[in-house]
Enquirer: 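Take this structure, written in structure tokens, and hold onto it; I'll ask about it next.
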Amino acid sequence: MKKPTLQDVANFAEVSKSTVSQYLNGRFTYMGAETRRRIEAAVQELNYQPNAIARSLKQKKTTTIGVVIANILHRFSTQTSRAIEDFCHEKGYHVILCNADDDPEKEKKYIEMLKAKQVDGFIIFPTTHNREIYESLLNENYPLVFMDRIVEALSVPTVVVKNLEAMEEVVQHLSEEGIRDMAYVSSELTISPRTERYEGFVNALKRRGIPMNDRWVYTGKLEGVGNFLENMFSELEKPEAIIASNDLSLMKILPFLKRAYHGIPENLALLTFDEVEFAEFFDPAITTVEQPAFEMGKKAAELLMEQIEQKGSLSTQKAEYRFTARLNVRESSIKRKKERI
């Protein structure tokens, strides 16, 4: 059976080809309701499918954007990606989602693949180790937005959370609970969210005159968290609280506490940066620092669409868009007993 053409739709609806083209591209300003109804009926009756490649060549855009995520295992990444996809869908854009696994080489290959597919723009959660390819996107005038992570000395609109303020609030909350002996667990300080949160922790302690025990701070590979905790809790002097820098760090802490203490001990406070799905249902419920992921994802998509409409111009956009995180205080950070572990 012959595939219906644009002319077939125009003949069926008794309008011109240009009117059908305007309808397919969502330009209804000067189109009457009856004309729109006839074209819609014609498209459905003939089962007409526009030629996406031909349209993209004519319009010089593919109505497709590329989103390169550093690590899709983070709940924050999946939520922001969903918000990006929802916003782009409303605008008639498709989203190609790629997971780089925090691997610069994989990230580079995905960016090159997306360029080959002629996407109209990029939202990247950068590994930060591909400066040359980021610069090439700017030089080629690609609309570009960074998410969650800052790449120094590159003028790219970046959507991030106020990490320093959030960690200040965390330490303030623990201090108000009468807790001074705090441990800190993070993966390697190789990207801005981790460095900012660690800096916020250190500065918040200093402002309150609370000494930091270096033996209670871990900033290495996640695989080493278990051994770190084993050593820390085998000592006579133990912390009263553990702060996890993100959800993946928390996932290394909880199995140790379950194995060693059958859960979170009553005389240990636990907090984590990033909201986690089970936080409210855990016993005790876990205190979290919740990033406004959906609002941040929507903002990133808005910034990208603004560039696409301005053909890649960054002139009206500032470098950073900072969002405030929310501290969800639950039972795990409220000091439940005065005895030490």
Side-chain angles (χ1 to χ4, degrees), residues 73-74 102 163-164 166-191 193-276 278-279 282-289 327-341:
L73 291 177
H74 286 288
D102 274 315
N163 290 295
L164 296 175
M167 200 55 69
E168 179 76 25
E169 191 174 2
V170 165
V171 174
Q172 176 65 25
H173 165 62
L174 291 175
S175 298
E176 290 172 353
E177 288 295 318
I179 295 171
R180 292 173 60 86
D181 297 335
M182 305 177 199
Y184 188 84
V185 175
S186 171
S187 45
E188 296 172 292
L189 304 181
T190 54
I191 54 175
R194 299 175 199 165
T195 57
E196 287 180 356
R197 290 168 197 172
Y198 177 70
E199 180 185 348
F201 171 68
V202 173
N203 291 342
L205 291 180
K206 286 181 179 178
R207 273 189 285 273
R208 289 162 180 80
I210 300 174
M212 186 176 76
N213 189 332
D214 291 335
R215 300 196 311 278
W216 294 347
V217 174
Y218 181 84
T219 57
K221 293 185 180 299
L222 287 176
E223 293 76 12
V225 171
N227 287 336
F228 165 75
L229 295 173
E230 290 278 3
N231 293 333
M232 182 170 66
F233 283 103
S234 67
E235 296 181 2
L236 183 62
E237 186 181 15
K238 301 175 178 63
E240 298 174 286
I242 301 177
I243 301 170
S245 70
N246 59 30
D247 52 349
L248 297 186
S249 297
L250 177 70
M251 297 308 170
K252 297 296 183 179
I253 295 169
L254 289 176
F256 166 80
L257 294 178
K258 181 179 180 181
R259 184 176 69 254
Y261 298 102
H262 307 290
I264 303 173
E266 290 184 324
N267 52 344
L268 178 72
L270 178 65
L271 303 88
T272 184
F273 213 104
D274 289 327
E275 178 71 344
V276 288
F278 57 83
F282 202 84
D283 186 18
I286 300 174
T287 294
T288 62
V289 178
L327 178 63
N328 298 318
V329 177
R330 302 187 179 106
E331 290 89 346
S332 74
S333 68
I334 298 173
K335 199 171 183 184
R336 286 155 283 155
K337 280 190 178 181
K338 297 298 181 183
E339 300 89 357
R340 297 186 62 80
I341 297 171

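When a residue number appears, it is its place in the shown sequence, counting from 1.
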Enquirer: Is Leu257 close to Leu270 at the side-chain level, that is, under 4.5 Å between some pair of heavy atoms?
Expert: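 Of all side-chain heavy-atom pairs linking Leu257 with Leu270, at least one is under 4.5 Å.
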
Enquirer: How many angstroms lie between OG1 in Thr288 and CZ in Phe278, if you round to the nearest 0.5 Å?
Expert: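 Taking OG1 in Thr288 and CZ in Phe278, the distance rounds to 10.0 Å.
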
Enquirer: Give the intermediate values and the outcome of side chain to side chain contact (heavy atoms under 4.5 Å, CB included) for residues Met212 and Lys206.
Expert: CA-CA 8 Å; Met212 186 176 76; Lys206 286 181 179 178; over 6 Å; no

Enquirer: The test is side chain to side chain contact (heavy atoms under 4.5 Å, CB included); show your working for Leu327 and His173 and say whether it passes.
Expert: CA-CA 9 Å; Leu327 178 63; His173 165 62; 3.8 Å; yes

Enquirer: For the backbone of Thr287 and the side chain of Ser332, can you confirm whether one donor and one acceptor N or O come within less than 3.5 Å of each other?
Expert: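 Indeed, once roles are kept as given, a pair shorter than 3.5 Å links the two residues.
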
Enquirer: Please round to the nearest 0.5 Å and tell me the distance separating atom OG1 of Thr219 and atom CZ of Arg197.
Expert: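 One gets 14.5 Å once the value is rounded to the nearest 0.5 Å.
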
Enquirer: Using 30° and 60° as the class limits, which term best fits the ring planes of Tyr218 and Phe228: parallel, tilted or perpendicular?
Expert: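 Tilted.
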
Enquirer: With the side chain counted from C-beta on, respond yes when Leu229 and Ile253 share a heavy-atom pair under 4.5 Å apart, and no when they do not.
Expert: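 Leu229 reaches Ile253 side chain to side chain.
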
Enquirer: Looking at every non-hydrogen atom in both residues, tell me the closest pair between Ala166 and Val289 and how far apart they are.
Expert: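 Taking every non-hydrogen atom into account, CB-CG1, 3.9 Å.
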
Enquirer: Please step through side chain to side chain donor-acceptor pair (under 3.5 Å) for the pair Asn246 and Ser249, ending with a clear verdict.
Expert: CA-CA 5 Å; Asn246 59 30; Ser249 297; 3.0 Å; yes

Enquirer: Does a side-chain heavy-atom distance below 4.5 Å link Glu230 with Arg259?
Expert: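 With C-beta onward as the side chain, the pair touches.
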
Enquirer: As an exercise, state the distance from CZ of Arg180 to CG of Leu174, rounded to the nearest 0.5 Å.
Expert: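 Those atoms lie 12.5 Å apart.
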
Enquirer: Supply the atom-to-atom distance Glu196 CD to Leu164 CG, rounded to the nearest 0.5 angstrom.
Expert: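 Atom-to-atom, Glu196:CD and Leu164:CG are 5.5 Å apart.
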
Enquirer: When you look at Tyr184 and Val202, which way does the side chain to side chain contact (heavy atoms under 4.5 Å, CB included) test go after all the steps?
Expert: CA-CA 10 Å; Tyr184 188 84; Val202 173; over 6 Å; no

Enquirer: Please name the pair of heavy atoms, one in Ile286 and one in Arg330, separated by the smallest distance, quoted to 0.1 Å.
Expert: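 Looking at all heavy atoms of both residues, the closest pair is O-NH1, 2.8 Å.
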
Enquirer: Check whether any side-chain heavy atom of Met182 lies under 4.5 Å from a side-chain heavy atom of Ser175, and answer yes or no.
Expert: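 They are in contact (side-chain heavy atoms under 4.5 Å apart), so the answer is yes.
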
Enquirer: Look up atom CG in Asn163 and atom OG1 in Thr195, then write down how far apart they are to the nearest 0.5 Å.
Expert: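 Separation between the atoms: 8.0 Å.
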
Enquirer: Check Ala204 against Glu168 and note the closest heavy-atom contact, atom names and distance.
Expert: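 Closest approach of Ala204 to Glu168, heavy atoms only: CB-OE1, 3.6 Å.
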
Enquirer: Which heavy atom in Leu189 sits nearest to a heavy atom in Arg194, and how many Å separate them?
Expert: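 What the structure gives for the nearest pair is CD2-O, 3.6 Å.
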
Enquirer: Find the distance between CG (Leu73) and CE (Met251) and round it off to the nearest 0.5 Å.
Expert: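 Rounded to the nearest 0.5 Å, the CG-CE separation comes to 10.0 Å.
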
Enquirer: Kindly indicate whether the side chain of Leu254, heavy atoms from C-beta on, has any atom under 4.5 Å from the side chain of Phe282.
Expert: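 A side-chain contact under 4.5 Å exists here.
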
Enquirer: If you look at every heavy atom in Glu177 and Ser333, which pair is closest and at what distance?
Expert: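 Scanning both residues completely, I find the closest heavy atoms to be CG-O, 3.6 Å.
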
Enquirer: Provide the closest heavy-atom pair for Gly226 versus Phe256 in the form atom of the first, atom of the second, distance.
Expert: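 It is O-CD1, 4.5 Å.
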
Enquirer: Taking the side chain as every heavy atom from C-beta outward, state whether Met167 and Ile243 have any pair of such atoms under 4.5 Å apart.
Expert: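 In short, these two side chains touch, coming nearer than 4.5 Å.
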
Enquirer: Take Asn213 and Asp181 through the test side chain to side chain contact (heavy atoms under 4.5 Å, CB included) and record every step on the way to the result.
Expert: CA-CA 8 Å; Asn213 189 332; Asp181 297 335; over 6 Å; no

